[in-house]
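Below, read A as the first sequence line, B as the second, and so on, with proteins coming before strands; counting in each chain starts at 1.
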Amino acid sequence: MRIGVLVKQVPDTWGDRSLDVSNGRMDRDSGDQILDEICERALETALQYKEVNGDVEVVVVSMGPAEATDGLRHALAMGADSALQVLDDELDNADALVTSEALAAVLRPENFDIILAGNISTDGRGGWVPAMIAERLGMPCLGSVDDIDISLGEVRAVRVADAGSYRLRAALPAIVTVTERAPEPRLPGLRGTMGAKRKPLTVRSLAELGISSSEPHSRVQSVTPRPARAPGVIVVDDGDGGTQLAQFLVDQGLG
Amino acid sequence: MANILVLAELTPTGAVADTLPSLLVAASRLGDPVVAVATRPGDGAATATELGRLGASTVYVAESSDVNEVLVEPALAALHQATREVKPAAVLLAHSLDGRDIAGRLAVRLDASLLGDVIDVARDGDQISTVHSVLGGAFTVVASANRGIPVITVRQGALEGSLASAEPKRVSMTIAPSASVRVVIDEVVPAAVASDRPALRSATKVVSGGRGMGSVSNFALIEQLADQLGAAVGASRAAVDAGYVPHTSQVGQTGVTISPQLYVAVGISGAIQHLAGMQTAKTIVAINKDPSAPIFEIADFGVVGDAFAVVPQLINALAARS
Ligand SMILES: Cc1cc2nc3c(=O)[nH]c(=O)nc-3n(C[C@H](O)[C@H](O)[C@H](O)COP(=O)(O)OP(=O)(O)OC[C@H]3O[C@@H](n4cnc5c(N)ncnc54)[C@H](O)[C@@H]3O)c2cc1C
Ligand SMILES: Nc1ncnc2c1ncn2[C@@H]1O[C@H](COP(=O)(O)O)[C@@H](O)[C@H]1O
């Protein structure tokens, strides 16, 4: 069984994330780049499956600028067997449509039995990339699912939506995206980190994949930072904090 | 005026999802709303009538036995077919689980622009633009499509209002059964009937509890305060992880993003990922026993104190006034 895991570097949500006001793109210098936690959970899901089932190869796949290699090394240190990077120096220009086209091109010849991904990334994308890849590869996509059960030729999982919960099933190969209920990612140990340096990491350029234009499908017209909030009133409870708060709410017409 | 195509999602029981009214409001700002829907065989007429009651004047209906049995595919096929027949100036969907999947696939099929998670839409001549609240509301971005028919997903709860009822014109479409690429639905368990509380995404007031509540039974205090205020109940990720509330109540970066009139955070520290989901609320109130909790930095009114003393007093004081 070969499992592909889509991983992506994003600005650390703990840091000061910012947009370049001139073009609306993520300001890459505004904070540390780390592997998105949701991708680590997808990888953890694959690694746990491998631990239980043995004969499984886990390949992490990412599209991003040269620095994205760090994220891939981290994934290898967690336990992935090899890594595949689509190098795009103009990545900031690539929207979900272009990203999915490039990733589909690199995934197609790999013939993974299953492709795992995060359901939605923290850098402002809407979680479209996996569904778009599924559309391009003609694969079923089980999006935002829990309780993933992979067996020979089939995957089952549960999707909890607003209207109810759906028990789903699809034939492999399929794309499956995990939610925050997927297992907590492991921290790479020293041995993992050392071993990661010797694991294969293949880099492909967009040109090699035959993708010429990374012209985005939409245009940013304006970017406006939110005005800072005015400082509020903070009281220390001396036995009447609840009453004071009630008064505030009533004064605001919110009580 | 140009046609604006709107996808109506149905719940497992065949009811129209509550996201539709705001989609119709958004569509009416851009042109003439036309609704596309996929129903179970035999349900088309009744669903069209219901959509008319919600303000749809034209409904394209595809009846298919795949509905409720195959994930997403019937609605995608219906929407794609309607796009061919209606030739809309834009396609609008809810930014829901299904809406997102369908929008992504449709944008690939049409090789069209995808403008996602918008909080408003506008039109100036032929130009359609969309308003996005990004990085947890830190920036407002206005964007427009560069290519093809823009496919737009609208954030749930972002737009209010509804259209007047209409006597809908119904057009039947035929869609092919979905091919081998299908996700089979083995079972659907409809969500428990919603309580009398307002829905989190569209509520004007929200009371959220965090890890500081300490237990499921203590979390009942949050619900009592919510009921006193007529508010929805929300939570931090730590409270969800601890099992105090279902994950659908999670507010933040990876939960729901809301902009209510009032947000009350109790026993929530105010981690940056939590703030990302609520910092655009009009009025923010915090109760926390730690004076250095970051939530106080964005609070309009904060009480440094023990939630188990402050909240009961607050509930009593509010009850005494009403
Ligand atoms: C990628 C990523 C995504 C994330 N997404 C989200 C998200 O969507 N939403 C989210 O909320 N978090 C999210 N988090 C987690 C976030 O970082 C915090 O861990 C989480 O918000 C903390 O929740 P909390 O404030 O309830 O708990 P804590 O940080 O533990 O805070 C508990 C607070 O309760 C107070 N307290 C304790 N007892 C009392 C009492 N008796 N009375 C009053 N106050 C009391 C304490 O002083 C403390 O401030 C995400 C993290 C990552 C890395
Ligand atoms: N550039 C990328 N490289 C690898 N995987 C990606 C990339 N963009 C998105 N993905 C995958 O798709 C998921 C959803 O991302 P998004 O559609 O950007 O919200 C992520 O969690 C990743 O698993």
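Contact tally against chain A (heavy-atom pairs below 4.5 Å) for B:Ala145, B:Gly136, B:Gly255, B:Ala17: the top residue is B:Ala145. The candidate from A:Gly232, A:Ala161, A:Ser165 with the greatest count of non-hydrogen atom pairs under 4.5 Å with chain B is A:Ser165. The residue among A:Ala246, A:Ala131, A:Gly241, A:Ser222 with the most heavy atom pairs within less than 4.5 Å of chain B is A:Ser222. Heavy-atom pairs under 4.5 Å with chain A were tallied for B:Ala276, B:Ala15, B:Ala143, B:Gly116; the largest tally goes to B:Ala143. If you tally non-hydrogen atom pairs under 4.5 Å between each of A:Ala228, A:Ala230, A:Gly239, A:Pro231 and chain B, the highest count goes to A:Gly239. Contact count versus chain A (heavy atoms, under 4.5 Å) is highest, among B:Ser129, B:Ser96, B:Ala138, for B:Ala138. Contact count versus chain B (heavy atoms, under 4.5 Å) is highest, among A:Val250, A:Ile234, A:Val223, for A:Ile234. Between chain A and the residues B:Leu318, B:Val108, B:Val310, B:Asp98, the most heavy-atom pairs under 4.5 angstrom are made by B:Val108. Interface check for chain A: of the options B:Asp117, B:Val285, B:Thr248, B:Asp18, the most heavy-atom pairs under 4.5 Å are formed by B:Val285. When A:Leu168, A:Val236, A:Asp240 are compared by the number of non-hydrogen pairs under 4.5 Å with chain B, A:Leu168 comes out ahead. Heavy-atom pairs under 4.5 Å with chain B peak, among A:Val158, A:Val155, A:Leu254, A:Val160, at A:Leu254. Of the residues considered (B:Leu115, B:Ile284, B:Leu76), B:Ile284 shows the highest number of contacts with chain A, using heavy-atom pairs under 4.5 Å.
Enclosure of atom CG in B:Asp124 is not indicated, since only 12 or fewer non-hydrogen atoms of other residues, nucleotides or ligands lie within 6.0 angstrom.
Counting only distance, with no hydrogens or angles, the side chain of A:Arg167 and the backbone of B:Glu187 share no donor-acceptor pair below 3.5 Å. Not a single donor-acceptor pair under 3.5 Å links the side chain of A:Glu135 to the backbone N or O of B:Gly104. Side-chain N or O atoms of A:Arg229 include one that pairs as donor or acceptor with a backbone N or O of B:Ile298 at under 3.5 Å. A donor-acceptor pair is defined here as one N or O able to donate and one able to accept, closer than 3.5 Å; such a pair exists between the side chain of B:Arg100 and the backbone of A:Gly126. The main-chain N or O of B:Ala317 is never found under 3.5 Å from a side-chain atom of A:Gln247 such that the two would form a donor-acceptor pair.
Atom CD in B:Gln273 sits 8.5 Å away from atom CD in A:Glu37 (nearest 0.5 Å). Distance CD/B:Gln261 to CD/A:Gln252: 11.0 Å, rounded to 0.5 Å. B:Thr254 OG1 to A:Ile38 CD1: the interatomic distance, rounded to the nearest 0.5 Å, is 7.5 Å. With rounding to the nearest 0.5 angstrom, the CZ atom of A:Arg181 is 3.5 Å from the NE2 atom of B:His247.
By the ring-ring contact (aromatic ring centres under 6.0 Å, His included) test, B:Phe139 is found to be paired with no residue, residues two or more places apart in sequence or in another chain being considered.
For A:Met132, the parts lying under 4.5 angstrom from a heavy atom of chain B are both the backbone and the side chain. In this structure, chain A has a heavy atom under 4.5 Å from the backbone of B:Ala112, while its side chain stays farther away. The contact between B:Thr153 and chain A is made entirely by side chain atoms (from C-beta outward), counting heavy-atom distances below 4.5 Å. If you measure heavy-atom distances from B:His95 to chain A, the contacts under 4.5 Å come from the side chain alone. For chain A, the nearby part of B:Gln156 is the side chain; its heavy atoms alone come within less than 4.5 Å. Both the backbone and the side chain of B:Thr11 come within contact range of chain A, with heavy atoms under 4.5 Å apart. With a 4.5 angstrom heavy-atom cutoff, A:Leu97 touches chain B only via side-chain atoms. For B:Glu73, no part lies under 4.5 angstrom from a heavy atom of chain A. Interface residue A:Gln244: backbone and side-chain heavy atoms are both found under 4.5 Å from chain B. If you measure heavy-atom distances from B:Gln127 to chain A, the contacts under 4.5 Å come from the side chain alone. Neither the backbone nor the side chain of B:Ile102 comes within contact range of chain A; no heavy atoms are under 4.5 Å apart. Looking at B:Val131, neither its backbone nor its side chain comes within 4.5 Å of chain A, counting heavy atoms on both sides. Heavy atoms closer than 4.5 Å to chain A are found nowhere in B:Asp241, neither backbone nor side chain. In this structure, chain A has no heavy atom under 4.5 Å from any part of B:Leu106. Both the backbone and the side chain of B:Val141 come within contact range of chain A, judged by heavy atoms closer than 4.5 Å.
At a threshold of 4.5 Å between non-hydrogen side-chain atoms, the residues B:Val240 and A:Glu180 do not count as touching.
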So B:Leu71 and A:Arg159, side-chain contact (heavy atoms from CB on, under 4.5 Å) or not? Walk me through it. CA-CA 10 Å; B:Leu71 189 70; A:Arg159 163 149 148 152; 4.0 Å; yes

Check the pair B:Leu229 / A:Leu249 against side-chain contact (heavy atoms from CB on, under 4.5 Å), numbers first and verdict last. CA-CA 10 Å; B:Leu229 287 165; A:Leu249 291 175; 4.3 Å; yes

For a side chain to side chain donor-acceptor pair (under 3.5 Å) check, start with the C-alpha distance between B:Gln253 and A:Thr13, then their side-chain angles and the critical distance, and finish with the verdict. CA-CA 9 Å; B:Gln253 174 84 57; A:Thr13 54; 5.1 Å; no

Set out, in order, the CA-CA distance, both residues' side-chain angles and the distance that settles side-chain contact (heavy atoms from CB on, under 4.5 Å) for A:Asp162 and B:Arg201, then state yes or no. CA-CA 11 Å; A:Asp162 288 337; B:Arg201 284 197 178 88; 2.8 Å; yes

Run A:Phe248 and B:Asp300 through side-chain contact (heavy atoms from CB on, under 4.5 Å) and show every step you take. CA-CA 10 Å; A:Phe248 170 80; B:Asp300 298 290; 4.3 Å; yes

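Smallest separation of non-hydrogen atoms from A:Ala134 and B:Arg105: CB-NH2, 3.3 Å. Considering every non-hydrogen atom in both A:Trp128 and B:Ala103, the closest pair reads NE1-CB, 4.2 Å. When all heavy atoms are compared, the tightest approach of A:Pro140 to B:Val183 is CB-CG2, 3.7 Å. Here the closest non-hydrogen pair linking B:Arg182 and A:Ala170 is O-CB, 3.8 Å.
Remark: the B:Ser144 side chain and the A:Gln221 side chain contain an N/O donor-acceptor pair separated by less than 3.5 Å.
For A:Asp237 and B:Lys289, the salt-bridge test fails: no basic side-chain N is under 4.0 Å from an acidic carboxylate O.
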